[in-house]
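The basis for the numbers below is simple: all heavy atoms, side chains too, and nothing from hydrogens, waters or symmetry mates. A quick note: this is a predicted structure, and the numbers were derived from the prediction, not measured.
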Amino acid sequence: MGEKKAGKRLFGTNGVRGVVGEDMHPGLVLGIGAALGSMRRGRIAVGRDTRTSGPALVAALKAGIMATGCDVMDLGVLPTPALQYIVRGRFVGGAMVTASHNPPEYNGVKVIDTDGTEMGDDEVVLLEDRLFARRFEYAPWDRVGTQVFVPDLVREYISGVAGRFSPDTGGGLTVVVDPGSGSGCLTTPDILSRIGCRLHTLNAVPDGGFPNRAPEPSEEGLRPLAEMVKATGAAMGIAHDGDADRTVFIDEKGRFLEENREFALVARSLCEEKKGTVVAPVSTSRIVEEVAGGLGCTVEYTAVGSIYVARKMMELIAAGRPVVMGGEGNGGLVYPDHQFCRDGAMTAAKMVAIVAGSGKPLSVLAGSLPRYYMIKEKIRTENARALVTGLVRHYAGEKPDLTDGVRLNRDEAWVLVRPSGTEPLVRITVEARREREAAELLGEIREIISTLPGSR
Ligand code: MG
């Protein structure tokens, strides 16, 4: 898996991203459209988030696709999971113009397969080959594709998510929704009111300038949401990133719920209902494993990236193994009975169902989870791979997990060191029951790294 990741030149774990006017421009996106269209025959769905550069980039994407003879259905502004939901089984592919949680000056493209999942590494490498070689299958004049604009199709997604819950699920619970001026504005408030919530909204008008907070739903950026939760006496605050595939929560006391704890809360609820496997990347807190294990479920680990989680879930299900859910410790959770991608509105609705169903405040539910202490750090290096190889050799006796980078699992602590996909650095994640143990393990790893060639 790591090898294929390395085989990709342009696409990262979540598509192509760049700063608009610098490395992200219509010329590049036109090529992505033409490459995608050259690999497909039929109708391709296209959508975008609320970014100011979206219309220009979507126009280029559509031009590239249509020039190859594929037809385009333009779904307008919608969340990435909504596009994925609509693509599944109905289109030969999809493309979403979004830079997810990145700042407003960024934009990018996520390419979606016919099954609604993000395009896998093998196909992405083929797409990149075409793009770099400019090997496009342009259609003659009488077979150039057409386009239709269908912004109403997003309603199918709204009904699809809301329809999974009974209309009184929320039981009149008051919630504050902050889609951060992103594409979740068009879906989540509607979905939550359909399942019986009373709503207040914040930053719920689409605006590509993201005037009030960054698209990343950080604890810092969500202070106004936390204040509004307290001021209105709401049961929780619900916030999305720019394309609403991720959701984070503020409890009724105005406190940010760390995303691994969010994952564990949802996993605890789902593992009570169903036994099977929870799929998560190796960077996930052990809290999920402890919660799932306590309920007779297991955790299977993948490389870092939601696509690896989604594909592992599909692989297990194809092999006849029950899968409870998948997720990442960043508020991106995947529900196999719904679709195989992160879905922010589903996560919002699930949390409403969990809190309303338990009759307990979110802070009490979260407070009953086991506690772990996590430290994240980056070390700059020009030779991240050599550094990881050195660590693998040094710790060979501990039989490290090599799913993505190198992970050492000890009784009370673990550490993951992996090269960044986009920058010259390694990312270190350490977790232990107590702060002191986490700091000690981080110190040990830092010291070993300093002795390795490539550390400077
Ligand atoms: Mg996102």
Side-chain angles (χ1 to χ4, degrees), residues 49-51 79 100-104 169-266 329-333 344-356 358-369 371 374 376:
D49 65 17
T50 58
R51 286 165 201 273
S100 189
H101 61 274
N102 287 116
T169 298
L173 217 63
T174 300
V175 301
V176 187
V177 179
D178 175 358
S181 316
S183 48
C185 295
L186 287 100
T187 48
T188 299
D190 197 352
I191 289 167
L192 294 180
S193 57
R194 285 195 197 195
I195 66 165
C197 293
R198 291 158 48 94
L199 286 202
H200 295 290
T201 57
L202 187 63
N203 304 319
V205 176
D207 189 332
F210 300 97
N212 301 317
R213 74 161 170 92
E216 170 69 27
S218 66
E219 183 170 1
E220 173 76 32
L222 298 182
R223 291 247 163 85
L225 173 62
E227 287 308 317
M228 195 158 158
V229 166
K230 286 192 283 180
T232 57
M236 69 180 89
I238 298 171
H240 292 306
D241 70 331
D243 64 335
D245 53 356
R246 287 164 47 205
T247 307
V248 301
F249 297 92
I250 301 287
D251 73 17
E252 81 287 355
K253 293 183 172 166
R255 292 177 310 195
F256 186 84
L257 177 62
E258 198 275 323
E259 295 95 325
N260 283 286
R261 301 180 72 71
E262 164 194 341
F263 186 175
L265 261 185
V266 175
N330 61 7
L333 305 180
M346 269 295 285
T347 299
K350 280 273 183 211
M351 194 62 88
V352 163
I354 290 168
V355 171
S358 73
K360 290 179 188 160
L362 180 52
S363 68
V364 171
L365 293 174
S368 65
L369 290 167
R371 296 222 155 258
M374 190 183 266
K376 292 182 183 180

*So Leu199 and Val175, side-chain contact (heavy atoms from CB on, under 4.5 Å) or not? Walk me through it.*
CA-CA 5 Å; Leu199 286 202; Val175 301; 3.3 Å; yes
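Taken to the nearest 0.5 Å, the CD1 atom of Ile238 stands 12.0 Å off from the CG atom of Leu222. The SG atom of Cys197 sits 11.0 Å away from atom CD1 of Ile191, with the distance rounded to the nearest 0.5 Å. Here the CG-SG distance, from Asp49 to Cys185, works out to 10.5 Å after rounding to the nearest 0.5 Å. From Leu333, atom CG reaches atom CD of Glu262 across 5.0 Å, with rounding to the nearest 0.5 Å. Atom CG of Asp245 sits about 5.0 Å away from atom OG of Ser100, to the nearest 0.5 Å. Expressed to the nearest 0.5 Å, how far CE of Met351 lies from CG of Leu192 amounts to 12.5 Å.
Every side chain to side chain donor-acceptor pair (under 3.5 Å) that Thr247 has, sequence neighbours left out, goes to His240. Taking Glu258 as the reference, Asn260 meet the side chain to side chain donor-acceptor pair (under 3.5 Å) condition, with sequence neighbours excluded. Scored by the salt bridge (Lys or Arg N to Asp or Glu O under 4.0 Å) test, Glu227 finds Lys230 as partners (sequence neighbours excluded). With sequence neighbours excluded, no residue satisfies salt bridge (Lys or Arg N to Asp or Glu O under 4.0 Å) with Glu259.
The closest side-chain heavy-atom distance from Leu202 to Pro224 is below 4.5 Å. Arg51 is listed as a side-chain neighbour of Pro215, based on a closest heavy-atom distance under 4.5 Å. Residues Thr201 and Val176 form no side-chain contact, since every pair of their non-hydrogen atoms from C-beta on lies 4.5 Å or further apart. Between Pro206 and Ser183, the closest side-chain pair of non-hydrogen atoms is not below 4.5 Å. The closest side-chain heavy-atom distance from Met236 to Val352 is below 4.5 Å. Between Phe210 and Asn203, every side-chain heavy-atom pair lies at or beyond the 4.5 Å cut-off.
Pairs of residues two or more places apart, or lying in two chains, that qualify as salt bridge (Lys or Arg N to Asp or Glu O under 4.0 Å) and include a residue from residues 231-243 are Lys110-Asp243. Among residues at least two apart or in separate chains, salt bridge (Lys or Arg N to Asp or Glu O under 4.0 Å) pairs with a member in residues 195-215 are Asp178-Arg213.
Under the side chain to side chain contact (heavy atoms under 4.5 Å, CB included) rule, Leu362 has a single partner from Ile354, Ile250, Leu257, which is Leu257.
Under a 4.0 Å N-O distance rule, the pair Lys253/Asp251 does not qualify as a salt bridge.
Between the side chain of Arg255 and the backbone N or O of Ala226 there is no donor-acceptor pair closer than 3.5 Å.
Heavy-atom minimum distance, Gly209 versus Pro104: O-CG, 4.1 Å. The nearest pair of heavy atoms linking Met374 to Lys376 is SD-CE, 3.6 Å. Smallest separation of non-hydrogen atoms from Gly184 and Pro189: O-CD, 3.4 Å.
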